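Reviewing the structure listed below.
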Amino acid sequence: MGTGTNIGRVRGLGSAHHGAMHWWRQRLTAGGNIVTMVWFVVSLFRLPTLDHASVMTWLQAPFNAVMMLLLIGSVFYHFRLGLQTVIEDYQHEGSRFVAIVLLNFYTIALAAIAVFSILKIAFGAA
Amino acid sequence: MARNPGRPLSPHLTIWKWGPHMLVSILHRATGVALATGGAMLFTWWLSAIASGPDAYASFSRYVIDADGAGGLPMVTTLLAKIAAVGLTWAFFQHMATGVRHLVLDVGAGYELRTNRMFAKLTMVASTVLTLILWIWAWRN
Ligand code: HEM
Ligand code: HEM
């Protein structure tokens with residue numbers, strides 16, 4: 001920066017016009033999180049044991065498998081948005097860009113592993 | 001970018017008087033980050049251990065859930081995992097309670113000073129009570 005015209009220096013630094021959508025989706029997924037996470041925590045504590053056989057039986061029930069997929073969708077999207085806000089509060093310019101890229105990799109990689117695991121269990125391959 | 005170091009800054013962390021509303025605000029962020037990192041990784045690790053079959057799950061379990069009498073490392077890691085699990089349960093309830101508080105504030109309610117303080121304190125009471133109920137219940141079963 002520092003060379004170029006004044007207009008060239010400020011172009012692209014304004015609002016991306018995605019703020020309201022970010023805010024709203026954070027709230028929408030907050031609602032999804034309440035439903036799926038309360039269900040998950042209560043179900044987990046109600047399992048008789050946490051050994052392989054009993055968690056398998058539980059996750060193989062279609063309702064439970066679908067709820068888990070919905071949970072992953074809602075919670076991972078929610079924390080992807082949330083951590084973006086945290087990063088934007090503390091990181092600027094170059095390091096912010098890197099942090100956001102890493103955040104995307106982190107979220108998508110974890111989500112892929114989690115979804116794959118649920119499907120593998122539900123379809124009886126584990 | 002060139003910033004004027006002499007620019008006016010808003011009074012921040014160092015001079016502000018602590019109150020319950022401020023505490024729950026930062027707790028919302030801290031618990032959100034803890035759940036999104038530690039919580040999400042533990043959750044995904046657990047799922048992939050289940051999906052990898054009984055043997056893989058058995059070794060996950062020995063280090064994270066139940067050392068099953070084994071001493072040494074499994075005993076240490078399962079103890080740490082237990083502390084993390086209680087901590088994450090509390091973090092979840094705290095984040096949920098302050099999250100609901102956010103949603104209430106979003107519609108423009110709960111800004112009177114007394115109500116606001118009260119609600120902030122209630123989120124911490126609720127998260128602590130719920131965590132205790134859940135873990136005492138789990139421990140007695
Ligand atoms: C259980 C129900 C939940 C509710 C009601 C909820 C609610 C909220 C709300 C309203 C916000 C926005 C706060 C703001 O605008 O400043 C938020 C932020 C956030 N949430 Fe949640 N949430 C829930 C569960 C979760 C879970 C399970 C995770 C992680 C796995 C999570 C991670 C985050 C993160 C990282 C932030 C950003 C924090 C910040 O900017 O300070 N939340 N949550
Ligand atoms: C120890 C002191 C403080 C801490 C730890 C703190 C922490 C935070 C955190 C974590 C957030 C984002 C989470 C949320 O929205 O709930 C936030 C938001 C905010 N803080 Fe602070 N803060 C402090 C003091 C202050 C002061 C002194 C001011 C103003 C003079 C201030 C004004 C704001 C505003 C306007 C927001 C945005 C609220 C929103 O978007 O929901 N904070 N603060």
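Chain identifiers are assigned alphabetically (A, B, ...) following the order of the sequence lines, protein sequences preceding nucleic acid strands; residue numbering begins at 1 within each chain. Remember, predicted model here, so these are calculated numbers, not experimental data.
Contact annotation for B/Leu134: both backbone and side-chain heavy atoms come within less than 4.5 Å of a heavy atom of chain A. For B/Phe43, the part lying under 4.5 angstrom from a heavy atom of chain A is the side chain only. Using a 4.5 Å cut-off between heavy atoms, B/Trp45 does not touch chain A at all. Contacts of B/Asp66 with chain A are absent, with no heavy-atom separation under 4.5 Å from either backbone or side chain.
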Query raised in the report: Do B/Arg62 and B/Asp68 pass the salt bridge (Lys or Arg N to Asp or Glu O under 4.0 Å) test, and can you show the C-alpha distance, the side-chain angles, and the key distance before you say yes or no?
Result: CA-CA 7 Å; B/Arg62 196 155 50 91; B/Asp68 207 13; over 6 Å; no
Requested in this report: List the steps and the verdict of side chain to side chain contact (heavy atoms under 4.5 Å, CB included) for A/Val101 and A/Phe105.
Outcome: CA-CA 6 Å; A/Val101 171; A/Phe105 284 166; 3.9 Å; yes
Query raised in the report: Taking it one step at a time, do A/Ser74 and A/Asn33 satisfy side-chain hydrogen bond (donor to acceptor under 3.5 Å, both in side chains)?
Result: CA-CA 6 Å; A/Ser74 180; A/Asn33 288 357; 2.8 Å; yes
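Listed for the B/Thr115 side chain is no donor-acceptor partner under 3.5 Å among the backbone atoms of B/Tyr111. Remark: the backbone N or O of B/Gly110 is paired with a side-chain donor or acceptor of B/Asn116 at under 3.5 angstrom. Of the possible polar contacts, none joining the A/Ser95 side chain to the A/Gln91 backbone as a donor-acceptor pair under 3.5 Å is found.
Contacts with chain A were tallied for B/Leu103, B/Leu35, B/Asp106; B/Asp106 has the most, counting heavy-atom pairs under 4.5 Å. Each of B/Ala36, B/Ala138, B/Ala58, B/Ser61 has some count of heavy-atom pairs under 4.5 Å with chain A, and the biggest count is that of B/Ala36.
Scanning residues 17-25 of chain A against chain B with a 4.5 Å non-hydrogen threshold yields A/Trp23, sorted by number.
Classified by interplanar angle (parallel below 30°, tilted 30° to 60°, perpendicular above 60°), the ring pair A/Phe40/A/Trp58 is tilted.
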